[in-house]
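So the structure is just underneath, and the comments pick up after that.
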Amino acid sequence: SIEVKLGADTVVLKRTGAQFLVESAKNYPASNREVNDLLNKILGIRLADEVTRDKDAYASLGVDGGEKSTTIKFVDASSATIVEVITGKSEDGKDYVRLATSDVVYRAEAGLYLRTKPLDYVDKQLLQLERNDIAKVDVAPAGGKVYTIDSPESGKVQLANIPEGKKVKGTEPDGVFGAATYLSFEEFQSESDAKDLEFGNVYTVHTRFEAEYRFELAKKDDKWFVRVRAAYHGPTSLSPGDVKDMSKEELERIDKLSAA
């Protein structure tokens with residue numbers, strides 16, 4: 001596991017098989033990008049010069065392991081510490097660093113800019129779609145009438161089944177499609193923690209490549225919460241013969257099917 005600590009903030013990244021989980025964030029899967037970035041920063045520390053061996057100077061440099069120090073600890077399967085690095089203040093863009101088992105304080109060649117909060121290591125992006133890949137959105141507001149906004153062709157968005165003589169007010173169809181292209185979160189709860197929330201508003205996004213995303217929304221105080229479910233209704237396998245004579249557009253569609 002990897003432990004990162006700064007003051008009251010503690011990150012614990014626990015390895016499970018080939019994946020890391022953020023143990024300090026309810027075992028949410030860690031972002032491979034963020035874990036690799038942390039590893040590269042620590043393993044890639046290059047030392048500019050030796051600063052001191054005087055323990056009385058540790059606190060002023062921020063490498064005493066106290067509240068102002070960032071400590072990074074690598075732990076093996078038996079809970080034994082492999083190595084522990086302490087980073088301190090930055091001066092002229094260069095951080096002071098020290099191994100926990102050494103008296104020597106060095107100045108690194110560059111600042112490390114380490115992330116120290118559990119959610120820093122979580123991929124907060126839930127969805128990213130191209131607007132033209134959305135075929136339709138079914139909207140089911142709490143206590144309201146269900147309606148559909150569709151896109152019969154790329155670049156065109158309309159409210160479906162409008163009674164004759166009626167017109168769409170405002171830019172809601174475009175707004176709904178725009179909101180459906182990207183979704184990320186700031187924090188999360190387990191389903192048991194969210195049992196008091198009423199997910200009454202439902203948006204179901206249907207894509208041209210046969211992926212479906214269902215967003216159930218709830219509001220508590222001034223915060224919105226979303227529960228997301230995904231489904232795929234397209235083919236699950238293709239033979240070489242299936243793609244042999246496909247056009248460039250069809251092959252791009254196959255790439256999106258694979259991503260879905």
Side-chain angles (χ1 to χ4, degrees), residues 1-128 181-190 223 259:
S1 65
I2 307 170
E3 300 175 11
V4 183
K5 182 175 176 60
L6 171 62
D9 295 322
T10 301
V11 178
V12 179
L13 302 171
K14 184 178 181 180
R15 186 163 191 167
T16 304
Q19 183 182 33
F20 278 94
L21 302 178
V22 187
E23 188 176 72
S24 46
K26 302 178 182 178
N27 287 317
Y28 198 96
S31 163
N32 288 333
R33 182 183 66 251
E34 296 298 342
V35 173
N36 289 337
D37 182 62
L38 173 63
L39 292 172
N40 289 334
K41 284 179 177 178
I42 299 303
L43 298 178
I45 292 175
R46 298 178 66 85
L47 305 177
D49 51 64
E50 179 178 325
V51 177
T52 185
R53 295 171 182 253
D54 181 5
K55 293 183 180 180
D56 291 336
Y58 288 178
S60 63
L61 298 176
V63 292
D64 58 336
E67 290 294 308
K68 296 183 179 180
S69 298
T70 300
T71 61
I72 308 93
K73 184 189 298 185
F74 295 85
V75 180
D76 66 18
S78 65
S79 299
T81 299
I82 301 171
V83 65
E84 182 176 356
V85 178
I86 303 173
T87 71
K89 295 180 179 179
S90 182
E91 186 175 304
D92 298 326
K94 299 178 180 180
D95 289 1
Y96 293 109
V97 297
R98 178 174 73 86
L99 287 174
T101 55
S102 171
D103 294 335
V104 187
V105 180
Y106 296 93
R107 191 180 357 251
E109 287 187 353
L112 299 176
Y113 306 105
L114 300 175
R115 297 180 179 273
T116 58
K117 296 183 181 297
L119 287 182
D120 289 340
Y121 292 87
V122 167
D123 185 355
K124 301 178 187 68
Q125 179 179 308
L126 294 176
L127 177 70
Q128 183 170 8
T181 59
Y182 185 84
L183 181 67
S184 64
F185 65 89
E186 295 180 355
E187 57 186 68
F188 72 94
Q189 295 181 349
S190 65
K223 291 185 177 182

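Quick note: residue numbers are just sequence positions, from 1. These values consider heavy atoms only, across backbone and side chains, with no hydrogens, waters or symmetry-generated copies.
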Is there a side-chain contact between Phe188 and Leu119, using heavy atoms and a 4.5 Å cut-off? yes

So Lys55 and Asp103, do their side chains get closer than 4.5 Å, heavy atoms only? yes

Going from CG on Leu21 to OG1 on Thr16, what distance comes out if it is rounded to the nearest 0.5 angstrom? 4.0 Å

Would one find more than 12 heavy atoms of other residues, nucleotides or ligands at under 6.0 Å from atom CG of Asp92? no

So which atom in Ser69 and which in Asp64 form the shortest heavy-atom distance, rounded to 0.1 Å? OG-OD1, 3.2 Å

With a 4.0 Å cut-off on N to O distance, would you call Lys223 and Glu186 a salt bridge? no

Counting only N and O atoms by type, is there a donor-acceptor contact under 3.5 Å from the side chain of Thr70 to the main-chain atoms of Thr87? no

Indicate the atoms forming the closest heavy-atom contact of Ser190 with Lys26, along with that distance. N-NZ, 4.0 Å

A quick test of your reading: do over 12 heavy atoms of other residues, nucleotides or ligands sit less than 6.0 Å from NZ of Lys5? yes

Between Pro118 and Thr10, the two heavy atoms sitting closest are CG-O, 3.4 Å

Is there a side-chain contact between Ile42 and Phe74 in this structure, where contact means two heavy atoms from C-beta onward sitting under 4.5 Å apart? yes

What's the spacing between Thr52 OG1 and Arg107 CZ if we round to 0.5 Å? 11.0 Å

So do Val97 and Val105 actually touch side chain to side chain, heavy atoms under 4.5 Å? no

In Å, rounded to the nearest 0.5 Å, how long is the span from CG of Leu6 to CD1 of Ile72? 9.5 Å

Smallest heavy-atom separation, Tyr182 atom then Ser184 atom, equals CE2-OG, 3.7 Å

Indicate yes or no for a side-chain donor-acceptor contact from Lys89 to the backbone of Tyr96 under 3.5 Å, with no hydrogens or angles considered. no

Please examine the side chains of Val11 and Asp120, heavy atoms only from C-beta on, and report whether any two atoms are closer than 4.5 Å. no

Please determine whether a side-chain nitrogen of the Lys or Arg among Lys117 and Asp9 lies less than 4.0 Å from a carboxylate oxygen of the Asp or Glu. yes

Student check: side-chain heavy atoms of Phe20 and Val22 closer than 4.5 Å: no

Rounding to 0.5 Å, atoms OH (Tyr121) and CZ (Arg33) come to a distance of 12.0 Å

Does a salt bridge link Asp37 with Lys41, judged by any charged N lying under 4.0 Å from a carboxylate O? yes

Point-to-point distance, once rounded to the nearest 0.5 Å, from CG of Leu99 to CD of Glu84: 9.5 Å

Residues Leu13 and Ala30: closest non-hydrogen pair is CD2-CB, 4.3 Å

With a 4.5 Å heavy-atom cut-off, do Gln125 and Asp123 have their side chains touching? yes

Output the distance between atom CG (Leu112) and atom CG (Asp95), rounded to the nearest 0.5 Å. 4.5 Å

